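Report on the structure given below.
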Amino acid sequence: MSKTNVARLLKQSDVPFDLLSYTVDEEDLSAQNVARKINYPLSSIFKTLVLETDQKQHIFAVISGEEELDLKAVALALSTKKVQMVPMNDLMRLTGYIRGGVAPIGAKKTFPVLLSDRAVAQSYMIISAGKRGWQIKLAPDDFLTFTNGILFTNR
């Protein structure tokens, strides 16, 4: 039985994945901590950030745990002038997810997905399964297809 909405949606679409769990540390929700807890390299852990363009469009940016988000690179990829992070207090209202459990799949609203091009060099990527303590391991190509994602170069 699927433990999260993300897992349920992937299973319904016959997307192969592994569901991974770990004990949550409320004081440390970082990608580094998740990597340690599930014993995978930080380069395979991808975090989902929610952004807003100057035209008030929302976007999921999915980047490696090793990366810092380059807002100018996102704006360039979207052909917009400016993007900014959504305030943490708005995450639940916009996505239905809380910090540390935001996933680009199964959100309350569907937003465009940008994926760092670092993902395609790997055989798998690990993203939040939509709940703290749960991660999904899947192929980057399957992720891109399922989300209609767009690759971008995060400088």
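These numbers were taken from a predicted model, which means no experiment stands behind them.
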**Report entry** Ring-ring centroid check Tyr124 Tyr40, cutoff 6.0 Å
**Finding:**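 Yes, ring centres under 6.0 Å apart.
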Would you check if [X] and [Y] make a side-chain contact, meaning some heavy-atom pair closer than 4.5 Å?
| X | Y | value |
| --- | --- | --- |
| Val86 | Leu94 | yes |
| Phe152 | Ile63 | yes |
| Arg8 | Lys3 | no |
| Ile59 | Thr53 | yes |
| Leu42 | Arg36 | no |
| Ile98 | Leu91 | no |

Non-hydrogen atoms of [X] and [Y] that approach each other most closely:
| X | Y | answer |
| --- | --- | --- |
| Asn154 | Ser116 | CB-OG, 4.3 Å |
| Ala7 | Leu19 | CB-CD1, 4.3 Å |
| Gly65 | Ala31 | CA-CB, 3.8 Å |
| Ala103 | Tyr97 | O-CE1, 3.2 Å |
| Pro104 | Val62 | CG-CG2, 4.0 Å |
| Ala119 | Pro140 | O-CG, 3.2 Å |

Quick check: are there more than 12 heavy atoms from other residues, nucleotides or ligands sitting under 6.0 Å from [atom1] of [X]?
| X | atom1 | result |
| --- | --- | --- |
| Glu68 | CD | no |
| Lys72 | NZ | no |
| Glu27 | CD | no |

Query raised in the report: Among side-chain atoms of Ser44 and Gln122, is any donor-acceptor pair under 3.5 angstrom?
Result: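 No pair is found: no donor N or O on one side chain lies under 3.5 Å from an acceptor on the other.
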Requested in this report: Say whether Gln135 and Ser128, considering side chains only, have a donor N or O and an acceptor N or O under 3.5 Å apart.
Outcome: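 No donor-acceptor contact under 3.5 Å links the two side chains.
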Measure the [atom1]-[atom2] distance between [X] and [Y] for me, rounded to the nearest 0.5 Å.
| X | Y | atom1 | atom2 | answer |
| --- | --- | --- | --- | --- |
| Thr48 | Phe46 | OG1 | CZ | 10.0 Å |
| Leu71 | Leu76 | CG | CG | 12.5 Å |
| Ile150 | Leu144 | CD1 | CG | 9.5 Å |
| Ser43 | Met125 | OG | CE | 11.5 Å |
| Asn5 | Gln12 | CG | CD | 8.5 Å |
| Ile127 | Lys47 | CD1 | NZ | 15.0 Å |

Path from [X] to [Y] over hydrophobic side-chain contacts below 4.5 Å:
| X | Y | value |
| --- | --- | --- |
| Ile136 | Ile126 | no |
| Leu151 | Leu69 | no |
| Phe17 | Val6 | yes |
| Phe111 | Leu9 | yes |
| Val120 | Phe143 | yes |

Requested in this report: Please test Leu20 against Trp134 for side-chain contact (heavy atoms from CB on, under 4.5 Å), starting from the C-alpha separation and ending with a verdict.
Outcome: CA-CA 6 Å; Leu20 310 170; Trp134 294 95; over 6 Å; no
Requested in this report: Please report the C-alpha distance between Glu66 and Arg118 in whole Å, then the side-chain angles of each, then the deciding distance to 0.1 Å, and finally whether the side-chain contact (heavy atoms from CB on, under 4.5 Å) criterion is met.
Outcome: CA-CA 10 Å; Glu66 294 181 323; Arg118 288 193 188 186; 3.9 Å; yes
Query raised in the report: Of all residues at least two apart in sequence or in a different chain, which pass the side-chain hydrogen bond (donor to acceptor under 3.5 Å, both in side chains) check with Asp117?
Result: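 In terms of side-chain hydrogen bond (donor to acceptor under 3.5 Å, both in side chains), with neighbours along the sequence ignored, Asp117 is linked to Thr153.
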**Report entry** Under 3.5 Å: donor-acceptor pair, side chain of Asp54, backbone of Thr80
**Finding:**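 Judged by distance alone, no pair lies under 3.5 Å.
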Requested in this report: Mark yes or no for whether Lys82, through its side chain, and Ala75, through its backbone, hold a donor-acceptor pair below 3.5 Å.
Outcome: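 Pair absent, no side-chain N/O of Lys82 close to backbone of Ala75.
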Query raised in the report: Do Lys37 and Asp28 sit within salt-bridge range, that is, some charged N less than 4.0 Å from a carboxylate O?
Result: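 No, no charged N to carboxylate O under 4.0 Å.
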Query - Partner set under salt bridge (charged side-chain N to carboxylate O under 4.0 Å, His left out) for Lys56, not counting sequence neighbours - result: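 So Lys56 forms a salt bridge (charged side-chain N to carboxylate O under 4.0 Å, His left out) with Glu52.
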Query raised in the report: Any salt bridge (Lys or Arg N to Asp or Glu O under 4.0 Å) pairs touching residues 126-149, not counting sequence neighbours?
Result: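 Qualifying pairs, neighbours excluded: Glu26-Arg132.
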Report task. Please determine which of Val102, Leu51, Leu49 meets the side chain to side chain contact (heavy atoms under 4.5 Å, CB included) test together with Phe60. Result ->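 Output: one option passes, namely Val102.
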